[in-house]
Visitor: 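Encoded as structure tokens, here's the structure I'll be asking about.
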Amino acid sequence: MATVSELRVRSGRRAEVVLLAFGVTIAVLARALVDYHADVLVLGPLGLYAAAAVVLAGACHLVIRRFAPAADPVLLPVVIALNGLGLALIRRIDFAYEARGRDTSFGDAQMVWTVVGAALLIAVLLLIRDHRTLRRFTYTAGVVGIITYMLPIVPGLGVEINGAQVWISLFGRSVQPGEFAKIALVVFFAGYLVTNRDTLALAGPRFLGMRFPRPRDMGPLLVVTLTALVIMVAQTDLGAALLFFGTFVGLLYIATERLSWVVLGAGMFIGAALVASVAFSHVAARFDAWLNAFDPEVYSSGRSEQLVRGMFGMASGGLFGTGLGEGRPDLVPYAESDFIIASMGEELGLTGLMAVLTLYLILVQRAMRTAIGVRDGFGKLMASGLGFAIAIQVFIVVGGVTRLIPLTGLTTPFLAYGGSSIIANWIVVALLLRISDQARRPALEHA
Amino acid sequence: MNEPIRRISVLALVLFLSLMAVASYIQVLEAESLNADPRNVRTLYREYGDFRGPLVVDGEAVVSSTPVDTPFNYLRTYTDGPLYAPVTGYYSIVYGRTGIEQSENALLAGSADALFWSRLGDLFAGEEQEGATVQLTLRAAIQEAAAEALGDRSGAVVAMDPRTGEVLAMVSSPSYDPALLASHNTDEVNENYRELLADPDEPLINRAIAGDTYPPGSVFKLVVAAAALESGYQPETLVNAPRELSLPQTSNTIRNYGNAACTSSGDTTTLEDALRTSCNTAFADLGLEMGWGIIDRKAREFGWGEQLDIPLSAAASQLPDDPDAPQTAMSALGQYDVRATPLQLAMVASAVANDGQLMRPYLVKSVRGPDLRVVETTTPEVFSNPMTASQAADLTDMMVTVVDSGTGQSAQISGLTVAGKTGTAETGSGGPPHAHFVAFAPAENPVIAVAVVIENGGDLGSEATGGRLAAPVARAVIQAALALEGGD
């Protein structure tokens, strides 16, 4: 039985200011270091950047202060720090590409996306005053989520990049609708599960000592799940499939408190993965590249080249990294997006990588804390769903880059270059802030 | 729902911990092997992409790093590449480093501990960390003279300053151009290396200190003579010098060169005369008389059996293991299992020249940091004292007669007393012999000791002798050295 605990908390806004100062300092210092090592350190533009960072952080903070005054104080600073680090690293990679004759401006583009993300955070906080209003859109969210996931396979709209069909071309830019679909589907799961958790958990046949829900209760859930999985396999986006499935099973467990689901879900997924690895050639290739990455044949065929180069980069970074500007991240394909973690590992070393992983962990844990603290089931499921999704996503990405699991096409939230990813994740944080405000406010009012 | 949420958050923690564990594995535990993987170009770029210190001879850089527009930033360029190649070695992205480039790598690359403070200063000043400059003991004029005199015959020349141990010249022929291997175009480099390896004349080998060591032939008689002098012999002591010496336990006989007699009449002659004419029978007999133990000990005092780092790795010269009588006799003539590097032979000459005191040979004179401050200097060190001053004086006199009226007359230089010893070593394969000559000059106050070897008869084939073939080369070297000395 769960007991709702009264959290005696302070509003946290002052703590947030202090933490934001840290976050902004990290972001600005990182950029300064990158500029310094590239010999383009000019105080003017740096000052402008610092001012912009302060304004952005300040604007978000003020909006939170006004419209979500009890929100968790750690979330925004962590996001600023991660985003800032990502910006600096992407800029560094820009310089590295430039040195090799390739003109890119990923850093500038990413800055624009960050501003858009922050603006959306403010918009979400302004538009959604109570997360429970989203519950009304459960089924809509489900449908929207599925359709959004499906967009890339629509011929004419879909664009294949780097072997995965997860992109669409919108106004000349490539967008990853999957990132947004993820949010919609979490809303759907949370809404559906909170409504039906009892029936799912208790009613239904028993099998192997485990109680299973009735088919009619499972219906919508299964439909959505299987559709999504099929889409993902068709898009060869296995990472998204894993993310999706993991979040789904996690939420199912939280909602029904039945461990059997987790076991079943895990078993099903592993089974499906094995079948896929045999049946589909591109899946088999991924597995082969994962297991035999260093095999000369696999490497020279190009399949494990990106992975192995990323690992070489990280090894070359060692404990403390080569230092910003001293490594060769540009030797790894997609160093600024898929392999941003490898670039980070190379230049900032194991210590940098651990720090970043810790930041993510903090983000996830704060989300879980929010889930525990909020009173309504929908809020709990949403917060834990979003938090767990971040955890799984980071695990899949970093696990792929470090060869713990096969490589996939997911992006690292806040760090990797990619407009859709940044924007979607800022929205996720906005939702978490909103829910955490709800979680912490009643305690405030009592104080 | 709180309990499952807590559990899920623990699961998230476990996921992250596993990520940290695997990251630690890659970046710390596996890092070394990943960095060493030949497909990892980063280590290569990092190592080879930095400015590297030059190698300097006589104040001029003969090997330096010139900036180029490739990922490796600097190209190793050479002045007179083939002339200094045996010493400098090559510096190749594909094939690594040899020679001084290898032994002084930490200093040249700027990563040596000795350069720590310099590096620290560079770090704060924001300057690029540069490597140190290695100044070699070689003298350009002598090196050039040696190479020119040796020509394109296979062999080696080593010249030392007997007073300090400085190696003034080290030539190995045939040589190669290190620039062929320093190129940043890996296809080119691979092609060139293959060619060099396939060359039957083996240009990559430094014959002065490595490769196949040579049987020293009659040059080894110097060691036997030194042993004899220590055992109480004098230059005028009479020794057996028959026309033929039959080897005990066998039916073989030892004869002298051209089957001549060492004496004008009779079967005995002085020790000095035996050396002057390079009398095989006399020295074989002497060897049998003294026993191998004494000769072995003396040879080791001269450096036999010791692998030296100068800092190049010089192979140890070899001695036979417990030879029986006939083997002892042959060994006393520098045949059978006796082997020597030209460096070792130069060391013998150097010891005799320096009043019996052998100075340790070295190639690196000093190392200067990027700020031109001296980081390291090599101070001359005594290697051993194989002879007393008076024994050395005696042996010097004997060696002077070799050049004056003995087998080494081709080394005579007017106005100068040259001391030397010839050697014509059978190679055992029935082919033309190796021609040796060691010398030092001026005999009263030597400033140079030199050893020359020309393989397999050079251009004279089976007619080759140390005196005919190798002595003129030594002569050229000595002349060059004295010209320098005079100019100093």
Side-chain angles (χ1 to χ4, degrees), chain A residues 1-5 100 197 250 253-257 259 294 296 299-300 308-309 311-319 321-322 326-328 331 341 345-346 349-350 353-354 357-358 360-361 364-365 367-369 371-372 377 380-381 383-384 387-388 390-392 394-395 398-399 402-404, chain B residues 1-50 67-73 93 110-111 119 122-129 184:
Chain A
M1 283 288 273
T3 43
V4 173
S5 45
R100 296 227 303 181
R197 60 190 288 244
Y253 170 61
I254 293 174
T256 61
E257 300 193 34
L259 204 57
F294 287 97
Y299 179 77
S300 49
V308 171
R309 283 204 194 178
M311 291 179 79
F312 283 156
M314 289 196 285
S316 134
L319 201 56
T322 61
E326 298 295 306
R328 297 300 303 265
L331 287 173
I341 285 288
E346 181 176 357
L350 184 64
L353 196 53
M354 293 268 206
L357 287 174
T358 311
Y360 279 120
L361 191 57
V364 169
Q365 291 300 322
M368 296 304 184
R369 227 165 186 262
I372 290 178
K380 279 185 192 296
L381 285 171
S384 48
F388 195 49
I390 294 177
I392 297 180
V394 173
F395 178 75
V398 181
T402 56
R403 215 179 140 224
L404 189 60
Chain B
M1 282 191 265
N2 280 355
E3 198 47 46
I5 292 177
R6 286 202 179 88
R7 294 209 191 112
I8 290 279
S9 82
V10 169
L11 174 64
L13 181 66
V14 168
L15 288 177
F16 274 89
L17 285 177
S18 67
L19 287 179
M20 291 185 185
V22 74
S24 306
Y25 179 72
I26 293 176
Q27 294 195 281
V28 177
L29 295 171
E30 273 278 290
E32 211 174 303
S33 76
L34 282 171
N35 280 330
D37 191 303
R39 292 166 294 192
N40 186 350
V41 290
R42 274 179 187 73
T43 347
L44 224 56
Y45 286 163
R46 205 182 7 210
E47 225 177 278
Y48 291 93
D50 285 335
V68 284
D69 201 8
T70 69
F72 294 103
N73 301 320
I93 296 163
S111 59
R119 276 208 300 283
D122 284 342
L123 196 63
F124 283 113
E127 277 166 26
E128 200 186 306
Q129 288 151 24
H184 292 168

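Sequence lines set the chain letters: A, B, ... in the order given, protein chains first and strands last, and positions in each chain run from 1. Just so we're clear, the structure is a prediction, and the values are computed from it rather than from any experiment.
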Visitor: Apply the test side chain to side chain contact (heavy atoms under 4.5 Å, CB included) to residues A:Thr402 and B:Tyr25: give CA-CA distance (whole Å), side-chain angles for both, the deciding distance (0.1 Å), then the verdict.
Guide: CA-CA 9 Å; A:Thr402 56; B:Tyr25 179 72; over 6 Å; no

Visitor: Are any side-chain N or O atoms of B:Glu30 and backbone N or O atoms of A:Ala315, one a donor and one an acceptor, separated by less than 3.5 Å?
Guide: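 Judged by distance alone, no pair lies under 3.5 Å.
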
Visitor: Which pair of heavy atoms, one from B:Ser18 and one from A:Leu404, lies closest together, and at what distance?
Guide: OG-CD2, 4.1 Å

Visitor: Which heavy atom of A:Leu353 sits nearest to which heavy atom of B:Ala23, and what is that distance?
Guide: CD2-CB, 3.7 Å

Visitor: Taking all non-hydrogen atoms of both residues into account, name the closest pair between B:Met1 and A:Ala255 and its distance.
Guide: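 In terms of heavy atoms, the two residues are closest at SD-CA, 4.0 Å.
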
Visitor: About how many Å separate CG of B:Asn2 and NZ of A:Lys380, when rounded to the nearest 0.5 Å?
Guide: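 If we round to the nearest 0.5 Å, A:Lys380:NZ and B:Asn2:CG are 3.5 Å apart.
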
Visitor: So for A:Phe388, is it side chain, backbone, both, or neither that comes closer than 4.5 Å to the heavy atoms of chain B?
Guide: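 For A:Phe388, the side chain is the part near chain B, not the backbone.
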
Visitor: Could you tell me which residues satisfy side chain to side chain donor-acceptor pair (under 3.5 Å) with B:Gln27, sequence neighbours excluded, listed by chain and number?
Guide: none

Visitor: Identify the heavy atoms of A:Glu257 and B:Pro4 that sit nearest to each other, and give their distance.
Guide: CG-CG, 3.4 Å

Visitor: Apply side chain to side chain contact (heavy atoms under 4.5 Å, CB included) to residues A:Arg403 and B:Val22 and explain how you reach the verdict.
Guide: CA-CA 8 Å; A:Arg403 215 179 140 224; B:Val22 74; over 6 Å; no

Visitor: Measure B:Leu11 against the heavy atoms of chain A and call it side chain, backbone, both or neither at under 4.5 Å.
Guide: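 Only the side chain of B:Leu11 comes within 4.5 Å of chain A.
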
Visitor: With chain B, which of A:Gly313, A:Gly399, A:Gly250 has the greatest number of heavy-atom pairs at distances under 4.5 Å?
Guide: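 Winner by heavy-atom pair count: A:Gly313.
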
Visitor: Counting only heavy atoms closer than 4.5 Å, note whether A:Ile390 contacts chain B via side chain, backbone, both or neither.
Guide: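 Contact with chain B involves no heavy atom of A:Ile390 at all.
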
Visitor: Which region of A:Val364, side chain (C-beta onward) or backbone (N, CA, C, O), has a non-hydrogen atom less than 4.5 Å from a non-hydrogen atom of chain B, or is it both or neither?
Guide: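 Contact with chain B is through the side chain of A:Val364 alone.
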
Visitor: Can you name the nearest heavy-atom pair linking A:Ala371 to B:Ile5, along with the distance?
Guide: CB-CD1, 3.8 Å

Visitor: Can you give me the closest heavy-atom contact between B:Phe16 and A:Leu361, atom names plus distance?
Guide: CD1-CD1, 3.5 Å

Visitor: Show your working on side chain to side chain contact (heavy atoms under 4.5 Å, CB included) between B:Ile8 and A:Ser384 and close with a plain yes or no.
Guide: CA-CA 8 Å; B:Ile8 290 279; A:Ser384 48; 5.8 Å; no

Visitor: Go through it in stages, so that I can follow the logic: the residues are B:Met20 and A:Thr358, the test is side chain to side chain contact (heavy atoms under 4.5 Å, CB included), and I'd like the CA-CA distance, side-chain angles, deciding distance and then a yes or no.
Guide: CA-CA 9 Å; B:Met20 291 185 185; A:Thr358 311; 3.6 Å; yes

Visitor: Answer with side chain, backbone, both or neither: which region of A:Val308 has an atom nearer than 4.5 Å to a non-hydrogen atom of chain B?
Guide: neither

Visitor: Taking the side chain as every heavy atom from C-beta outward, state whether B:Ser24 and A:Met354 have any atom pair closer than 4.5 Å.
Guide: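 Sidechains of A:Met354 and B:Ser24: in contact.
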
Visitor: Of the backbone (N, CA, C, O) and the side chain (C-beta and beyond), which part of A:Leu319 lies under 4.5 Å from a heavy atom of chain B, both, or neither?
Guide: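 Looking at A:Leu319, backbone and side chain both touch chain B.
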
